[in-house]
Amino acid sequence: MLYSMVTLFRSQLKEADVITLGQELDYCKQYMELFEYRYQGSFSSKVSCPVELLSKPIIKFVLQPIVENAVSHGLENIEEHGQVLLNIYVQDDTCLCIDISDNGIGMTEEELARVRKNISEKDTSRTQSIGLYNINQRILLCYGPEYSLNVSSERDKGTTVSLRLPLNKLTE
């Protein structure tokens with residue numbers, strides 16, 4: 001556990017702002033291993049990613065906060081069989097798609113509307129979803145308005161946070 005924590009902290013401080021998807025997934029896997037250890041048997045995770053996508057550039061620290069939300073909010077009351085799934089694929093030969101899903105408590109339509117509003121809110125002092133807001137802002141700044149973060153959810157069925165990023169656009 002200590003090794004995973006140290007590796008995570010070191011990566012946040014020392015890595016460049018743009019890393020490979022493989023590096024970002026490694027950090028996410030280490031983070032999920034910490035939670036799997038903490039919740040011993042009530043939580044599992046799975047990553048599905050084609051090998052050829054592992055070398056694609058991505059801005060650092062966009063997945064771990066979403067995984068953290070999935071575990072701490074989505075699975076908070078799940079006593080067994082909690083899951084976080086990361087599914088990475090290419091759409092239309094131009095878009096890198098990353099879906100982070102949990103099978104947790106989900107959200108009502110009203111809660112989902114509030115989260116979506118908070119993600120796009122200009123006044124961050126009123127924003128409750130600060131982690132998702134920050135990720136979305138970084139995506140918009142680095143990749144442009146055609147790329148973003150989206151949240152979908154259904155009560156008692158779980159939540160999915162979807163990132164749409166350019167497949168071959170390097171960031172600076």
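Ile19 and Tyr147 end up in the same hydrophobic cluster when Ile, Leu, Val, Met, Phe, Trp and Tyr side chains are linked at under 4.5 Å. At a threshold of 4.5 Å between side-chain heavy atoms, the hydrophobic network of Ile, Leu, Val, Met, Phe, Trp and Tyr places Val71 and Ile105 in two separate groups. Both Ile139 and Leu167 are assigned to one and the same hydrophobic cluster, defined by single-linkage of ILVMFWY side chains at heavy-atom distances under 4.5 Å. Taken together through direct or relayed side-chain contacts under 4.5 Å among Ile, Leu, Val, Met, Phe, Trp and Tyr, Tyr31 and Leu54 form part of one hydrophobic cluster. Placement of Val62 and Val90 within a single hydrophobic cluster is found when ILVMFWY residues are connected by side-chain heavy-atom separations under 4.5 Å, directly or transitively.
Nearest heavy atom pair, residue Ala70 against residue Val84, reads CB-CG2, 4.0 Å. Of all the heavy atoms in Thr159 and Ser153, the pair that sits closest is OG1-OG, 2.8 Å. Shortest non-hydrogen contact noted between Asp99 and Ser162 is OD1-OG, 2.9 Å. For the pair Gln83 and Asn103, the tightest heavy-atom approach, listed with the atom from each and the gap, is N-OD1, 2.8 Å. Contact detail for Leu53 and Cys49: the closest heavy-atom pair is CB-SG, 4.0 Å. Nearest heavy-atom pair across Tyr143 and Ile59 is OH-N, 3.3 Å.
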side-chain contact (heavy atoms from CB on, under 4.5 Å) for Leu86 and Met32? Distances and angles first, verdict last. CA-CA 11 Å; Leu86 279 78; Met32 289 186 291; 3.9 Å; yes

Walk me through whether Ile98 and Ile58 qualify under side-chain contact (heavy atoms from CB on, under 4.5 Å). CA-CA 11 Å; Ile98 304 172; Ile58 186 172; 3.9 Å; yes

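Between Leu163 and the choices Asn150, Ile88, Leu63, the side-chain contact (heavy atoms from CB on, under 4.5 Å) rule is met once, by Leu63.
Between the side chain of Gln64 and the backbone N or O of Phe61, no donor-acceptor pair lies under 3.5 Å.
Around the CD atom of Glu52, the shell of radius 6.0 Å holds more than 12 heavy atoms that belong to other residues, nucleotides or ligands.
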